[in-house]
Structure formats: C-alpha cells, structure tokens
Number of protein chains: 2
Amino acid sequence: MFADCPPVDPPMRVGGKWTAKIITCLRSGPRRFSELRAPLAGVTAKVLTESLRSLERDGMLTRTERPGVPGHVEYELTALGRSLFEPLAAQCAWTRAHMAELAAHRAAG
Amino acid sequence: MFADCPPVDPPMRVGGKWTAKIITCLRSGPRRFSELRAPLAGVTAKVLTESLRSLERDGMLTRTERPGVPGHVEYELTALGRSLFEPLAAQCAWTRAHMAELAAHRAAG
DNA sequence: CGGTATCCACGGGGATACTG
DNA sequence: CAGTATCCCCGTGGATACCG
C-alpha cells in the first residue's frame, strides 16, 4: 500500500501523522471507515475520525453516509485532495533518493 | 524573505516548525546565528539552537566556529540540505495555488 | 555573540471503554 | 459499523534568566 513512499519517520510531513497515508489509501477510489482503518495499522478510531473530520473541514475529502442494513460511510477525495498527490510525490521522491544518506548521518551523529 | 512561500499554518510541513524557514534563510549562502534569528521573527535562542543542531545531525547543514574578536558561528547548507529545495518548492507551489480554496473551506466549515 | 539552564503550557496522539 | 467519551502521556515549543 505504501511501498512507493518509505515511512522514514519524518523529516517531511503533510498535515498530521496519518494524513499522507489517508490520502494514499483513498488514491484509487472511495473507501469506508473500516477499509481505511485496516491498512493504517495502529491508528485508533478516535484519531482516524479526527483526521478525517479535519480533512473534510479543509475540503480535501467528502464524507457520505450510505443507508441500508448495515449502513456504512464512504470517504472520497475531492479535486483539492487529489491535488496533494503532486507535492506528496515530490516528498516521496526526496525520501527515496536521500533516506540512506540521512540514516547514515543519524547513525554517525 | 518568505514572500514566495506563503505561511499558511500548515497543511504541509518539513520537519519542525522553523525548519523550512531556516532552509530558506540559508538559501543564498552561509549565515550567522544572529543573522538567522532576526528574520525568523518570534523564535527563541533555545528553539533555534535545537532546530539547527537537529539539522546538523541530519547532515542538512554545517556549523563552523570562526575565531577572532568577536568570534562568530556560520551555518551553511550541505548538498543534502540544498536537495530539500525541490520538495519545498513543490509545497510552496501547492500552497500558492490552493490557499484561497483552503481558506474558503475553513471559513465555511 | 552564541548560546545553556529551567520551567512550563499546550496540543497531538494514544488506551480503554462504551454506544446508536 | 462507525463512531463517542474519558483520561492521560509526552514531545514541541516558548518564557525567562543566566553564562563563557
């Protein structure tokens, strides 16, 4: 899921701790709450909810309740949210290109 | 100094709160501690020192004590540090292009 | 001039339990 | 299923004072 974007702890971040991963998870289309929670190993429901609400307030994604039994909720990126792919890709590219050098410095220093 | 990179509170950040601005300040060449502190309005000596030490540990910049009376200290970006310009520019471009839309969502929501 | 030393406030993030 | 409600920890960052 995130193989193209190595999880070097920082030094580069978009929004909160889970924001970049959420965007990446939604890349290929809308997903439900539980479909987001599974791949984002370690995130609690509370924190995931907060992150999603924050992204919704910023217009990065939409939240849609689908009725039925059982009902579910769909999260989908807006155009604004998808526009983050570009800077996100730049960060991933930087990390891929320099993470070894960075790790070497940290190990030495 | 930072006119080309609007200070939208985030959503995009490189490292700590001051990291991106420090890198930008060092863009045109080496600077002394006090030459960094002035344009970074609001940063305390402690926090600036911490940020610089962290960047030094990561190999992003070098710290050089110049003897003499009065002596001073020079901070200069390494090649690794300068390599951050690219993703940094991508972030600035995104912010410039979408900050109005973002602000509108936040005001409405 | 270029820092340390202390102390402290705040907010993000997490653990756990519970709910419509 | 998709959350809330609580409680709490801890790291970042800031205020203030002092130092070689």
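Atoms considered below: every heavy atom in the structure, side chains included; atoms not considered: hydrogens, waters and symmetry mates. Labels below follow one simple rule: chain letters A, B, ... track the order of the sequence lines, proteins then strands, and each chain is numbered from 1.
On the nucleic acid side, DNA chain C contacts chain B at distances under 4.0 Å to non-hydrogen atoms, with the end points of that region at C/dC1 to C/dC7.
Regarding A/Glu56, its CD atom lies at a distance of 14 Å from the C1' atom of D/dA2, rounded to whole Å. Distance B/Glu50 CD to D/dT12 P: 9 Å, rounded to the nearest Å. When the P atom of D/dG20 is taken as reference, atom CD of B/Glu65 falls 16 Å away, rounded to whole Å. Distance A/Lys46 NZ to D/dC7 P: 12 Å, rounded to the nearest Å.
For the pair A/Arg32 and D/dG3, the criterion of a side-chain N or O lying under 4.0 Å from OP1 or OP2 is not met.
When the nucleotides D/dG3, D/dA15, D/dT6 are ranked by their closest atom to the side chain of A/Phe33, D/dG3 comes out on top.
Within the nucleic acid shown, B/Val47 comes within 4.0 Å of at least one base atom, counting heavy atoms only. Residue A/Arg66 is classed as having no contact, given no heavy-atom separation below 4.0 Å to the nucleic acid.
A residue-by-residue look at A/Glu74 and B/Gly42 shows that A/Glu74 has its nearest nucleotide of DNA chain D further toward the 5' end.
Taking the charged nitrogens against the carboxylate oxygens, B/Arg66 and B/Glu74 do have a contact shorter than 4.0 Å, which makes a salt bridge. A salt bridge is defined here as a Lys NZ or Arg NE, NH1 or NH2 lying under 4.0 Å from an Asp or Glu carboxylate O, and A/Arg63 with A/Glu65 meets this definition.
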Tell me, with the steps shown, if A/Glu76 and A/Leu61 meet side-chain contact (heavy atoms from CB on, under 4.5 Å). CA-CA 5 Å; A/Glu76 181 167 23; A/Leu61 52 78; over 6 Å; no
Steps toward side-chain contact (heavy atoms from CB on, under 4.5 Å) verdict (A/Trp94, B/Glu86): CA-CA 8 Å; A/Trp94 187 93; B/Glu86 238 185 296; 5.9 Å; no
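A distance-only check finds a donor-acceptor pair linking the side chain of A/Thr95 to the backbone of A/Gln91 [under 3.5 Å]. With hydrogens and angles disregarded, no donor-acceptor distance shorter than 3.5 Å links the side chain of A/Trp18 to the backbone of A/Leu48.
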